[in-house]
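One-based numbering, in listed order, for ligands and for the atoms of each.
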Amino acid sequence: MTFDPATEIQNFLVFGEFGDVNPSICDSSTYTFRSVERMEEVFEHEIEGCFLYSRHWNPTNKYLSAALARMEGGEAAQVMASGMAAISTTLLQLCSSGDEIVAERTIYGGSYALLANLLPRFGIKTRFVDMNDLKAVRAALSERTRVIYCESVSNPLLDVADIPALAGLARECGVKLVVDNTFSPLILSPLRLGADVVVHSMTKFINGTSDCVAGCVVSSHDFITKLSDINNGPSMLLGPVLDSIRAASILKNLHTLHVRMVRHSANALYLAGKFRDRGLDVHYPGLPAHPQHELICRLMNRGYGFGGIVAVDVGDEPAANRLMARMQEEKVGYLAVSLGYFKTLFSPPGHSTSSEIPAEERQRMGMGDGLIRFSVGLDADIQRTWATIEKLLEEEGVSSREEKRVLASV
Ligand SMILES: *Cc1c(COP(=O)(O)O)cnc(C)c1O
């Protein structure tokens, strides 16, 4: 039987304390013991069903973690207070002073800043490479490399990582492959493609309602046990614990993720095709012209489409800025960062979520100042949405690549 992440989530049944279908939220930071002897025992080795203190584990967080492990086809998971907490604790678990990371150069701005600015203070150095150039990845690996870090579908340019090839390289060189799967939950299953650790910002599609910040790490039992170890685990000792009330609400939203992803993807594919037909530069892995279209078709789980994010270049910064202001006025969506919300969100990556990346570096990556990133919403009538966007493109005089060439030549 083929692996289907939504079926895995569906088969995750919880029988709560009172037979409640949504398990009671554990509203406690601490837990009682019948005796000091028992307390000591639980502090010494983890005992299934016993809890010490909610920074370590909380029953509600365990439920959500177990569901996420199922979704990713992993042995175990741990939820965290943010996506950045998931990424930073994972990297601190895997790397010590003197170690190196090889990372994709087009990654989320916060991840870039962590690798480029903060981790060097602790003696952890990162080499940034183009992950689609396997030779470059290989060349960047050294004796000191511990981790290859990439995003399954990268932010904001939507490059798709060849996870099986990177996993092969990682195994060969004895390093761990860590994949941020925030852009493509359900669509890609990195652990099943050979990755060692998957991280998510659950703030985005997994939760889907833009009402909280949360993250998770999915990996082996061994890795999650080390991550949360009382004596030296980064999640335990840095303390980015997810509140149990949030964990409960995210668990409910997780059960509608497959329905939402299908609609996000269908709407995004529709808009991406329309932008392309107008002759604009568009990045979307569902379009046959995307450089990794065939790769994603080979790697993806069927039935969830190609994801809800589209990046379009409308030429220059003033055009992008005017267009976004008008789109908000005309109710296409919100001018806001983040993604995976039920309404469309749009933002200029160069001036927001990727602003941590130096300007010349952004140019080299092909992240122009006219780039707009859309997180396409669950619009009931996407044709109508396109009609509005098309009218605004006309009114704002956004020209196609072809027209620009003609204009430039006269
Ligand atoms: C938002 C995001 C993060 C950071 O997640 P937070 O929940 O904001 O901490 C990491 N990676 C990607 C790809 C993201 O989009």
query: Does Lys62 come within less than 4.0 Å of Glu48, counting only side-chain N to carboxylate O?
result: no

task: Would you check whether Val199 reaches within less than 4.0 Å of ligand 1, judged by its heavy atoms?
output: no

query: Can you find an N or O of Asn155 that's nearer than 3.5 Å to an N or O of ligand 1?
result: no

query: Mind checking whether Ala214 has a heavy atom under 4.0 Å from ligand 1?
result: yes

query: Roughly how far apart are Gln383 CD and Leu271 CG, rounded to 0.5 Å?
result: 10.0 Å

query: Would you say ligand 1 has an N or O under 3.5 Å from any N or O of Gly83?
result: yes

task: Start with the C-alpha distance between Phe374 and Phe275, add both sets of side-chain angles, then the distance that settles ring pair (Phe, Tyr, Trp, His ring centres under 6.0 Å), and finish with yes or no.
output: CA-CA 12 Å; Phe374 285 82; Phe275 283 124; 5.5 Å; yes

message: Can you confirm whether Tyr334 is buried at OH, in the sense that more than 12 heavy atoms of other residues, nucleotides or ligands lie under 6.0 Å from that atom?
response: no

field: Distance-only N or O hit between ligand 1 and Lys204, under 3.5 Å
entry: yes

message: Pairs of nitrogen or oxygen atoms closer than 3.5 Å, one from Val213 and one from ligand 1: do any exist?
response: no

message: Below 4.0 Å, non-hydrogen atoms only: which portion of Ile107 touches ligand 1? Side chain, backbone, both or neither.
response: neither

query: When only distance counts, is Asp180 in polar contact with ligand 1, meaning an N/O pair under 3.5 Å?
result: yes

statement: Residue, atom and distance of the protein heavy atom nearest atom 4 (C) of ligand 1 read Tyr108 CE2, 3.5 Å

- request: Flag yes if more than 12 heavy atoms outside Glu330 fall under 6.0 Å of its CD atom; otherwise flag no.
  value: yes

- prompt: If you draw the axis of the six-membered ring of Tyr108, does the NZ or CZ of Lys204 fall within 45° of it and under 6.0 Å from the ring centre?
  reply: yes

